[in-house]
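Read the structure below first, then the notes.
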2 protein chains.
Amino acid sequence: MDDLTEMLKGTLEGCVLEIIGTEETYGYAITRRLNELGFADVIEGTVYTILLRLEKNGLVQVTKRPSAVGPPRKFYALSATGREELATFWAKWQYVSSRINKLKEGGR
Amino acid sequence: MDDLTEMLKGTLEGCVLEIIGTEETYGYAITRRLNELGFADVIEGTVYTILLRLEKNGLVQVTKRPSAVGPPRKFYALSATGREELATFWAKWQYVSSRINKLKEGGR
DNA sequence: AGCGGTACTCAGTAATACGGAGTACCGGAG
DNA sequence: CTCCGGTACTCCGTATTACTGAGTACCGCT
């Protein structure tokens, strides 16, 4: 599948929130997870940009922990605001995707 | 539903293509149609931006016709390239939305 | 000592959608 | 007849978001 980047705008942040919400984790691993999920050309730089934004907006709490295989990792966990934001994201996704599917089915 | 604009990035152009593909139509009417469909805060300026881009990229053919109730309308119809682009759009949508739904279901 | 893999930061660029001002055409109310 | 609201399009500037690429740094293994 070729370039999906434009279509991911506005949803990638939500995906990252969901991943963090499932399990406390860190940037490098989140990137791997997204790649596994099929978002092959999502790159580290992009994920770190999102994580810094989430942190700045108070949606996540950060804990730095040493790693046995490299430099220290920044582990992210959702804050209360982050959980709200995640719920809002899924509500919007539900709304938008249902409308688009209706349009696709030729609904009027 | 509050601000959906970021989530629409990358999909709005495809929606406009789909609307044009269903029926030859013009900018003002496309805006009304999108609003009807639930994309309430999509605004004329946005749609016209997309239409000019589609025209520039050769995805549509344009015919100007007089109107009884206002200034002349620019009617848009898909070109062959536009039909291909529309098919690609739906393929991408299918791909992306299925991955996101899988993530939502906690799939791994 | 150096290399490959792990891990994060940051500055610059491109694409997309919104906002708002401007132009212009039409019919009906006053 | 003039003005106003609805129809219809254009253009410029702004904000957000994701990608690119270069840079820094830690670790274990050869």
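Each chain gets a letter, A, B and so on, in the order its sequence line appears, and its residues count up from 1. Side-chain atoms are counted along with the backbone in the values below, which use heavy atoms only and exclude waters and symmetry mates.
Following rounding to the nearest Å, Y28(B) (OH) and dG5(D) (P) show an atom-to-atom distance of 14 Å. Between the CD1 atom of I30(B) and the C1' atom of dA8(D) there is a distance of 12 Å, rounded to whole Å. Separating the CG atom of L51(B) from the C1' atom of dA8(D) is a distance of 12 Å, rounded to the nearest angstrom. One atom, CG of N57(B), and another, P of dA15(C), lie 10 Å apart when rounded to the nearest Å. As rounded to whole Å, 11 Å separates atom C1' of dA8(D) from atom CZ of F75(B). One interatomic measurement links the two molecules: CG of D3(A) to C1' of dA14(C), which rounds to 11 Å at whole-angstrom precision. To the nearest angstrom, P of dA15(C) lies 15 Å from CG of L54(B). For R53(A) and dC8(C), the CZ to C1' distance is 17 Å, given to the nearest whole Å.
Out of dA17(C), dA7(C), dC9(D), the shortest distance to the side chain of Y26(A) is found at dA7(C). Nearest nucleotide to the side chain of K74(B), out of dT16(C), dT10(D), dA7(C): dT10(D). The listed nucleotides are dC18(C), dT7(D), dA25(D); the one nearest the side chain of P71(A) is dA25(D).
By the 4.5 Å heavy-atom criterion applied to side chains, V42(A) and L8(A) are counted as neighbours. At least one side-chain heavy atom of Y28(B) sits less than 4.5 Å from a side-chain heavy atom of Y48(B). Taking 4.5 Å as the limit, every side-chain heavy atom of K74(B) sits out of range of all side-chain heavy atoms of T63(B). L34(B) has its side chain within reach of V16(B): a pair of non-hydrogen atoms, C-beta onward, lies under 4.5 Å apart.
Nearest-nucleotide mapping onto DNA chain D: of D41(A) and G70(A), the residue sitting toward the 5' end is D41(A). The nearest heavy atom of DNA chain C to Y76(A) and to V42(B) marks one nucleotide each, and the one closer to the 5' end goes with Y76(A). Both S67(A) and T11(A) lie close to DNA chain D; mapped to their nearest nucleotides by heavy-atom distance, the more 5′-ward contact belongs to T11(A).
Residues that satisfy the side-chain hydrogen bond (donor to acceptor under 3.5 Å, both in side chains) test with E24(A), not counting sequence neighbours, are R65(A).
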Table of protein N/O atoms under 3.5 Å from nucleotides 11-16 of chain D N/O atoms:
unit_1  : atom_1 : unit_2 : atom_2 : d
dT16(D) : O2     : K9(B)  : NZ     : 2.6

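When heavy atoms are screened at a 4.0 angstrom cut-off, T5(A) is found touching the sugar-phosphate backbone but no base atom. Counting non-hydrogen atoms under 4.0 angstrom, I43(B) reaches the backbone sugars and phosphates but no base. Among the protein residues, P66(A) comes within range of no part of the nucleic acid, since none of its heavy atoms lies under 4.0 Å from any strand.
Of the side-chain N and O atoms in R73(B), none sit less than 4.0 angstrom from OP1 or OP2 of dC9(D).
Under a cutoff of 6.0 Å and an axis angle of 45°, R73(B) and F75(B) do not form a cation-pi pair.
Between R99(A) and E36(B) there is no salt bridge, since no side-chain N of the basic residue sits under 4.0 Å from a carboxylate O of the acidic one.
The structure places CZ of R33(B) at 9.5 Å from OG1 of T25(B), a figure rounded to the nearest 0.5 Å.
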